[in-house]
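These notes are about the structure you will find just below.
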Amino acid sequence: MYQAPRGTSDILPPEQKYWSYIRHTASSICQLYGYQRIDTPTFEDARLFVRSIGESTDIVEKEMYSFEDKGGDPITLRPEGTAPVCRAYVEHGMHNLPQPVRLYYMASIFRYERPQAGRYREHHQFGVEALGAADPALDAEVIDMAWQLYVNLGLKGIALSLNSIGCSNCRPRYLEVLKSYYTQHKESLCPDCKRRLGKNTLRLLDCKTPSCFALNEQAPRSMDYLCQECADHFNQLRNYLNLLNLPFSLSHRLVRGLDYYTRTVFEIAPEGETGAQVAIGGGGRYDDLIEQLGGKPTPAVGFATGIERLVLNLKKQDVVVPALFPLTVFIAHLGQEARDEAMKLTSHLRKSGISTIASLSDKSLKAQLKQANVSGARYSIIIGEDEVKSRTVTLRNMAKGEQQTVPIDKLAEALR
RNA sequence: GUGGGCGUAGCCGAGCGGUUUAAGGCGCCAGGUUGUGGCCCUGGAGAACGAGGGUUCGAAUCCCUCCGCUCACCCCA
């Protein structure tokens with residue numbers, strides 16, 4: 001028997017109301033903030049991701065779904081959403097549009113890793129990117145959107161962590177300081193961190209191994225090594241967040257897993273949750289990425305949130321989400337003539353915008369009404385010989401258990 | 001890649017070497033008389049117990065291998 005591949009899952013009808021709720025909430029926020037939807041391909045030239053995400057990140061080192069297509073081109077299933085949007089920005093000359101360009105996407109994301117709670121090989125992200133402005137007000141806007149999304153979804157007790165990791169001017173110096181700090185304490189580092197020390201020093205900061213953890217608390221902080229511009233930017237951002245009443249806590253160990261981030265980085269997670277995969281969303285500024293991808297120097301900022309994790313949290317918090325597509329009418333019929341009538345009536349009601357299903361069987365009325373009950377339809381319509389003769393139907397309100405005879409041409413009216 | 005837990009009908013789940021030709025619940029189907037649902041009652045269909053091998057007179061129950069699921073680590077959404 002076939003099964004969905006490891007780390008993937010079917011989103012079955014009973015789940016769909018959560019997905020629909022999230023999609024609607026997200027897109028209405030995007031509308032409010034003036035963001036427009038963009039869809040990019042599910043797969044891209046593999047090199048796009050290697051260049052943007054960084055060679056020595058986990059994603060590129062071991063998590064990409066990569067293959068050669070039949071033409072021999074290197075292809076990768078999208079492991080994150082930002083790089084493709086930047087590629088599209090450059091490819092379509094969006095620097096000619098009024099800046100910043102505000103975009104959002106909802107897309108499948110693929111990473112080859114061992115699945116566990118809240119982590120999958122194919123998952124879905126909703127993300128926004130604001131490209132073409134360095135103003136910290138834009139960082140605040142993006143963070144505000146993220147926050148507002150969670151608030152509007154009805155999630156409680158979420159916390160925002162914030163950091164600035166500097167820019168291409170000030171970061172090199174910070175990295176040197178950081179590297180020499182860890183080198184001094186090399187003996188107490190975990191094996192992973194020893195290995196990473198030369199390649200991706202920033203990432204040592206969020207190692208959770210107990211021995212490293214203590215060391216990380218004492219480590220030099222990027223916030224203390226920002227150049228004047230970055231420091232000003234960060235200060236302004238914090239002012240804006242205060243203006244918007246967005247509570248945040250500074251986290252000097254927050255660095256994010258992708259190489260392209262500059263300045264602002266942030267993460268949002270339910271308060272008090274521990275463990276590694278609790279973050280429901282995160283993002284930051286990536287001022288050098290578009291230039292790296294062959295565009296003009298273009299500062300930008302964005303964030304993404306994992307839809308599966310949102311669903312998980314909505315359920316955990318017992319958030320009530322609206323039901324999907326309630327059925328209005330179920331038609332039961334008795335006898336061939338009635339069945340023909342039901343067929344026509346079903347079509348008529350559907351054309352009038354009334355959701356309708358008719359029984360497919362010639363079973364007893366009892367059995368058909370049972371189906372009607374399970375279908376969740378608000379009304380049942382019963383057509384038998386009497387009704388056919390008199391050009392009427394029996395209209396039954398399922399919740400009240402009351403019914404009346406309605407002329408067939410008055411039916412659409414009676415249902416309003 | 002590493003470590004732990006688990007694998008019995010569509011779903012949940014009892015059984016843990018011998019009246020098991022495998023409970024029970026949900027769901028599904030049919031009936032409880034004539035054209036009426038949701039509650040109740042009755043009946044029915046549906047599993048050779050993840051796969052393969054072994055131990056034994058006898059295995060869903062013990063052992064081995066594999067596969068799968070799951071949780072955790074690494075890391076991320």
Side-chain angles (χ1 to χ4, degrees), chain A residues 1-9 12 14 22 53 56-64 78-82 106-127 146 190-193 195-196 200 203 206-210 212 254-258 267-270 274-283 303-313 330 332-335 338 359 361-388 393-403:
Chain A
M1 200 160 84
Y2 290 108
Q3 286 177 277
R6 162 174 285 202
T8 68
S9 54
L12 300 172
I22 291 167
I53 298 170
S56 63
T57 56
D58 278 2
I59 291 181
V60 171
E61 276 187 348
K62 53 183 196 186
E63 294 176 2
M64 295 206 307
R78 168 179 52 215
E80 64 102 30
T82 299
M106 300 193 202
S108 276
I109 302 290
F110 304 87
R111 292 183 201 163
Y112 187 86
E113 48 190 345
R114 292 285 290 267
Q116 68 186 70
R119 194 174 68 193
Y120 312 96
R121 289 186 172 178
E122 179 184 17
H123 75 277
H124 299 79
Q125 289 185 5
F126 159 68
C190 71
D192 270 339
C193 284
R195 186 178 55 78
R196 279 192 293 228
N200 203 334
R203 295 278 305 292
D206 71 355
C207 180
K208 281 108 192 163
T209 308
C212 298
L254 176 63
V255 296
R256 312 281 301 153
L258 313 179
E267 223 166 71
I268 297 177
T274 54
Q277 58 291 327
V278 297
I280 53 179
F303 103 96
T305 191
I307 298 181
E308 280 81 353
R309 287 188 187 174
L310 290 180
V311 173
L312 237 43
N313 280 279
F330 184 96
H333 47 73
L334 294 159
S359 170
S361 72
D362 298 317
K363 290 194 274 199
S364 67
L365 181 59
K366 182 192 181 83
Q368 294 188 52
L369 280 181
K370 209 165 194 172
Q371 289 183 354
N373 189 49
V374 173
S375 78
R378 283 195 293 144
Y379 299 96
S380 285
I381 286 175
I382 299 164
I383 308 177
E385 289 174 26
D386 300 346
E387 287 86 350
V388 171
V393 300
T394 299
L395 178 64
R396 181 175 179 83
N397 181 315
M398 294 301 278
K400 291 183 183 162
E402 295 165 357
Q403 61 189 38

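Chain identifiers are assigned alphabetically (A, B, ...) following the order of the sequence lines, protein sequences preceding nucleic acid strands; residue numbering begins at 1 within each chain. Please read all numbers here as calculations on a predicted model, not as lab measurements.
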Under 4.0 Å from OP1 or OP2 of [N]: is there any side-chain N or O of [X] that close?
| X | N | result |
| --- | --- | --- |
| A:Lys363 | B:rA30 | yes |
| A:Arg256 | B:rA77 | yes |
| A:Lys366 | B:rU36 | no |
| A:Gln371 | B:rG37 | no |
| A:Gln3 | B:rG68 | no |

By the 4.0 Å heavy-atom rule, please label [X] as base, sugar-phosphate, or nothing.
| X | answer |
| --- | --- |
| A:Gln403 | base |
| A:Gly401 | base |
| A:Ile382 | base |
| A:Arg114 | base |

Which base sits across from [N] as a Watson-Crick or G-U pair, both distances under 3.5 Å?
| N | answer |
| --- | --- |
| B:rU33 | none |
| B:rC57 | B:rG18 |
| B:rC28 | B:rG44 |
| B:rG1 | B:rC73 |
| B:rA9 | none |

Quiz item: B:rG46 and B:rA30: how far apart are their C1' atoms, nearest whole angstrom?
Solution: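 15 Å, rounded to whole Å.
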Practice problem: Rounded to whole angstrom, note down the C1' distance from B:rC62 over to B:rA45. | Solution: 34 Å
_Using a distance-only criterion (donor-acceptor N/O pair, under 3.5 Å, no hydrogens), is the base of B:rG38 paired with the side chain of A:Asn373?_
no
Closest nucleotide of RNA chain B for A:His123 versus for A:Leu365: which of these residues is on the 5' side?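 Counting from the 5' end, the first nearest nucleotide belongs to A:Leu365.
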Exercise for the section: Would you sort out whether A:Gln403 and A:Thr394 count as a side-chain hydrogen bond (donor to acceptor under 3.5 Å, both in side chains), showing the intermediate values? Expected result: CA-CA 7 Å; A:Gln403 61 189 38; A:Thr394 299; 5.3 Å; no
